[in-house]
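Written out below as structure tokens is the structure these notes cover.
One-based numbering along the sequence shown. In this text the structure is predicted, and so the values were computed from the model without any measurement.
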Amino acid sequence: QLQLVESGGGSVQPGGSLRLSCAASGFSLARYAIGWFRQAPGKEREGVSCASSVGGPTVYLNTVKGRFAISRDDAKNTMYLQMDNLEPEDTAVYYCGVVSEMNRVQNARQMCWGADVTFNAWGQGTLVTVSS
């Protein structure tokens, strides 16, 4: 079974940092594009950052550029989202998701913001709250 388990969420003050982890089991991340998404109260899910497994350009939501960094450690079968200089607007439930390269997603941009993308697995979500 394909499974993603998230951790690392919590409450932090503006300007603080968090590192989200997403551990995969039942499959190898090596051949999967990875992405982080979030859903704030009353808003639709939005792509935060996505990265191809084959070295294509990594993409970031404009509002998190320079503050967030997506990464992967295939040896640990884990993906991460480092979040620095957090802002109240970053408050949301964050989800990790993966797309098999076999699904032929064209690039990371398509994964994050394209239509009709088939995800192979989603994390359970972890809440990030940024407030004073």
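With rounding to the nearest 0.5 Å, the separation of OG in S49 from CE in M79 is 8.0 Å. Taken to the nearest 0.5 Å, the CG atom of L86 stands 8.5 Å off from the OG1 atom of T91.
Note on V48 and I70: same hydrophobic cluster, where clusters join Ile, Leu, Val, Met, Phe, Trp and Tyr whose side-chain heavy atoms are under 4.5 Å apart, directly or indirectly. Grouping the Ile, Leu, Val, Met, Phe, Trp and Tyr side chains by contacts below 4.5 angstrom, directly or via other members, places L4 with M83. Hydrophobic clustering (ILVMFWY, side-chain heavy atoms < 4.5 Å, transitive): Y95 and V128 are in distinct clusters. Two different hydrophobic clusters hold L2 and F119 under the rule that ILVMFWY side chains link at heavy-atom gaps under 4.5 Å. Hydrophobic clustering of Ile, Leu, Val, Met, Phe, Trp and Tyr side chains at less than 4.5 Å, counting indirect connections, unites W113 with L81.
Although no hydrogens or angles enter the test, the distance criterion places no donor-acceptor pair under 3.5 Å between the side chain of S52 and the main chain of A33.
The side-chain heavy atoms of P57 and R109, taken from C-beta on, include no pair separated by under 4.5 Å.
Heavy-atom minimum distance, R72 versus A51: NH1-O, 4.2 Å.
Residue R45 qualifies as enclosed at atom CZ: its count of foreign heavy atoms under 6.0 Å is above 12.
For residues 1-25, no residue pair satisfies the ring pair (Phe, Tyr, Trp, His ring centres under 6.0 Å) rule, not counting sequence neighbours. Within the structure, the side chain to side chain donor-acceptor pair (under 3.5 Å) test picks out the following pairs touching residues 120-132 (sequence neighbours left out): N103-N120.
For D73, there are no salt bridge (Lys or Arg N to Asp or Glu O under 4.0 Å) partners at least two apart in sequence or on another chain. In terms of the salt bridge (Lys or Arg N to Asp or Glu O under 4.0 Å) criterion, E101 has no residue partners (sequence neighbours excluded).
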Using distance only, find each side-chain donor-acceptor pair of residues 34-41 under 3.5 Å and give its atom names and separation, not counting sequence neighbours.
unit_1: W36; atom_1: NE1; unit_2: Y80; atom_2: O; d: 3.1
unit_1: R38; atom_1: NE; unit_2: E46; atom_2: OE2; d: 2.8
unit_1: R38; atom_1: NH1; unit_2: D90; atom_2: OD1; d: 3.0
unit_1: R38; atom_1: NH1; unit_2: Y94; atom_2: OH; d: 2.9
unit_1: R38; atom_1: NH2; unit_2: E46; atom_2: OE2; d: 3.2
unit_1: Q39; atom_1: NE2; unit_2: K43; atom_2: O; d: 3.2

Check: residues 9-29 side-chain donor-acceptor pairs under 3.5 Å, at least two apart:
unit_1: S17; atom_1: OG; unit_2: D84; atom_2: OD1; d: 2.9
unit_1: R19; atom_1: NH1; unit_2: Q82; atom_2: OE1; d: 3.1
unit_1: S28; atom_1: OG; unit_2: A30; atom_2: N; d: 3.2

